[in-house]
Amino acid sequence: MTSPLLQVSGVSKAFGGVVANNDISLEVPEGKIIGLIGPNGSGKTTLFNSIVGYHPIDSGSILYCGNDISNMHVPEIARLGLLRTFQQTRVYGLMTCMDNMRISVPHVNEGFRHMVARHSESVADRAEELLEFVGLYSKRRLMAGDLSFGQQKLLEFAMALMNEPRLLLLDEPTAGINPTLINGLIDRLQRASETLGITLLVIEHNMRVIMNLAEHIYCLAHGEMLADGAPSELQNDQRVIDAYLGAH
């Protein structure tokens, strides 16, 4: 049996007396789109932060490609091809979309003014391809701050793809996006998995989106794993329904 690309086993994380994650376990097989859902405050973003190295876990283990990354830092983990995006966009509003793409490449980030000329042709080609992929090619020369919030999310997604991730963690990719753009975003996430070979772990509150996007879904509540299974199973799971409706 092939080992999962990401394996989280018994992970716990507390901040002072507040337990954000308690004995969380999940697996992400390579080439799949896996969902992570749960009401606000259930510990989803904390788990993402632990996986990519933003804060150390208190117990358990996190294996990526079979290697323990539990005590590694963000840059080390990123170099292994494991990246995340954020709920709020992190684009440079006073720079063009193309320049945002250029500086998202690690070897261009350092000494940008000196390095960009050397790598300009290959980086520019890749940037244009990915802006076309997310539907922003026609806006490549616009300032990122002039894009709509939904377009900025697409730009951030393209910026992450510039790093050629093997596993990408997406934190609420459709939050704040105009409903008319959501179907296009779903399509691009699916294409990223199918054509670019990128494995995705997605936090999402929009149930329609995650049910159509993910092959398997994990549900957190109060920092603990409440349920997991196929979308059709969770859709009819009374525990999941109660968690979202606030029933006790």
Side-chain angles (χ1 to χ4, degrees), residues 1-13 19-52 57 59-66 69-70 82-85 87 165-175 177 182-183 185-194 196-248:
M1 180 180 295
T2 304
S3 298
L5 183 61
L6 177 71
Q7 186 170 23
V8 175
S9 301
V11 164
S12 295
K13 177 63 184 178
V19 178
N21 289 149
N22 182 31
D23 194 27
I24 301 296
S25 297
L26 59 79
E27 294 184 350
V28 180
E30 186 158 19
K32 304 297 183 181
I33 302 178
I34 304 299
L36 183 61
I37 65 172
N40 289 330
S42 60
K44 304 182 300 297
T45 296
T46 296
L47 183 61
F48 264 27
N49 285 337
S50 293
I51 291 171
V52 299
I57 59 176
S59 60
S61 65
I62 302 172
L63 301 183
Y64 173 67
C65 298
I69 61 170
S70 307
L82 199 171
L83 302 173
R84 66 157 297 180
T85 64
Q87 293 179 24
R166 187 170 178 183
L167 172 59
L168 183 57
L169 280 52
L170 300 173
D171 196 345
E172 300 206 31
T174 70
I177 291 184
I182 288 180
N183 286 339
L185 177 59
I186 293 174
D187 176 66
R188 287 174 176 88
L189 294 179
Q190 290 171 329
R191 286 170 52 204
S193 176
E194 294 167 2
L196 302 180
I198 299 172
T199 303
L200 300 174
L201 177 60
V202 184
I203 291 176
E204 184 54 63
H205 271 297
N206 187 318
M207 294 299 285
R208 180 184 69 82
V209 169
I210 203 64
M211 292 296 168
N212 287 320
L213 185 63
E215 169 175 323
H216 191 94
I217 300 173
Y218 291 90
C219 179
L220 299 184
H222 306 294
E224 299 185 345
M225 188 63 68
L226 180 66
D228 75 279
S232 58
E233 295 173 333
L234 264 66
Q235 202 166 19
N236 299 302
D237 190 313
Q238 191 60 46
R239 296 170 299 170
V240 175
I241 295 170
D242 289 347
Y244 272 94
L245 295 179
H248 299 283

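Hydrogens, waters and symmetry mates are skipped; everything else that's a heavy atom, side chains included, is used.
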Self-check item: 4.5 Å side-chain heavy-atom contact, Ile217 and Met211
Solution: yes
Self-check item: Atom of Ala214, atom of Gly35 and distance for their closest heavy-atom approach
Solution: CB-N, 3.6 Å
Practice problem: Answer yes or no: is there a side-chain heavy-atom contact under 4.5 Å between Asn22 and His222? | Solution: no
Self-check item: Sequence-distant partners of Tyr218, ring-ring contact (aromatic ring centres under 6.0 Å, His included), two or more places apart
Solution: His216
Quiz item: Do the side chains of Leu220 and Met225 get nearer than 4.5 Å, heavy atoms only?
Solution: yes
Exercise. Supply the atom-to-atom distance Ser12 OG to Ile24 CD1, rounded to the nearest 0.5 angstrom.
Key: 7.5 Å
Exercise. Check salt bridge (Lys or Arg N to Asp or Glu O under 4.0 Å) between Glu30 and all other residues, then give those that pass, not counting sequence neighbours.
Key: Arg166
Self-check item: Verdict with reasoning, Leu213 to Leu189, per side-chain contact (heavy atoms from CB on, under 4.5 Å)
Solution: CA-CA 8 Å; Leu213 185 63; Leu189 294 179; 3.7 Å; yes
Exercise. For Asp23, enumerate each residue passing the salt bridge (Lys or Arg N to Asp or Glu O under 4.0 Å) test, keeping only those at least two apart in sequence or located in another chain.
Key: none
Self-check item: Point-to-point distance, once rounded to the nearest 0.5 Å, from CD1 of Ile203 to OG1 of Thr45
Solution: 4.5 Å
Quiz item: Are Met207 and Ile37 side-chain neighbours, meaning at least one heavy-atom pair lies under 4.5 Å?
Solution: yes
Quiz item: Has the side chain of Thr199 got a donor or acceptor atom that lies under 3.5 Å from a matching backbone atom of Gly31?
Solution: yes
Self-check item: Distance (rounded to the nearest 0.5 Å) between Ile62 CD1 and Ile51 CD1
Solution: 6.0 Å
Quiz prompt | For Asp237, side chain to side chain donor-acceptor pair (under 3.5 Å) partners two or more places apart | solution = Arg239
Quiz item: What pairs with Arg208 under salt bridge (Lys or Arg N to Asp or Glu O under 4.0 Å), at least two apart in sequence or on another chain?
Solution: none
Self-check item: Student check: side-chain heavy atoms of His205 and Asn40 closer than 4.5 Å
Solution: yes
Quiz item: So which heavy atom on Ile57 is nearest to which on Gly60, and how close?
Solution: CD1-O, 3.6 Å
Exercise. Would you check if the side chain of Ser25 reaches a backbone N or O of Gly10 as a donor-acceptor pair within less than 3.5 Å?
Key: yes
Quiz item: Hey, are the side chains of Leu5 and Pro29 touching, using non-hydrogen atoms and a 4.5 Å cut-off?
Solution: no
Self-check item: Test applied, side chain to side chain contact (heavy atoms under 4.5 Å, CB included); reference residue, Leu201; option that passes from Leu6, Leu82, Leu47
Solution: Leu6
Practice problem: With rounding to the nearest 0.5 Å, note down the distance linking CG in Leu170 to CZ in Arg84. | Solution: 9.5 Å
Quiz prompt | Residues in salt bridge (Lys or Arg N to Asp or Glu O under 4.0 Å) contact with Glu215, at least two apart in sequence or another chain | solution = Lys32
Quiz prompt | Distance in Å, Phe48 CZ paired with Asp171 CG, rounded so as to fall on 0.5 Å steps | solution = 6.0 Å
Quiz item: For Asn21 and Gly43, which heavy atoms make the closest approach, and how far apart are they?
Solution: ND2-O, 3.0 Å
Quiz item: Got a second to check how far Asn236's CG is from Ile241's CD1, nearest 0.5 Å?
Solution: 6.5 Å
Exercise. Please tell me if the side chains of Leu63 and Ser9 come closer than 4.5 Å, counting only heavy atoms from C-beta onward.
Key: no
Self-check item: Nearest heavy-atom neighbours spanning Gly38 and Lys44
Solution: O-NZ, 2.9 Å
Quiz prompt | Considering all heavy atoms, the nearest Leu167-Leu200 contact | solution = CD1-N, 4.3 Å
Quiz item: With side chains defined as the heavy atoms from C-beta onward, is the minimum distance between Ile198 and Ser193 less than 4.5 Å?
Solution: no
Quiz prompt | Minimum-distance pair of heavy atoms, taken over all atoms of Asp228 and Leu234 | solution = C-CD1, 3.4 Å
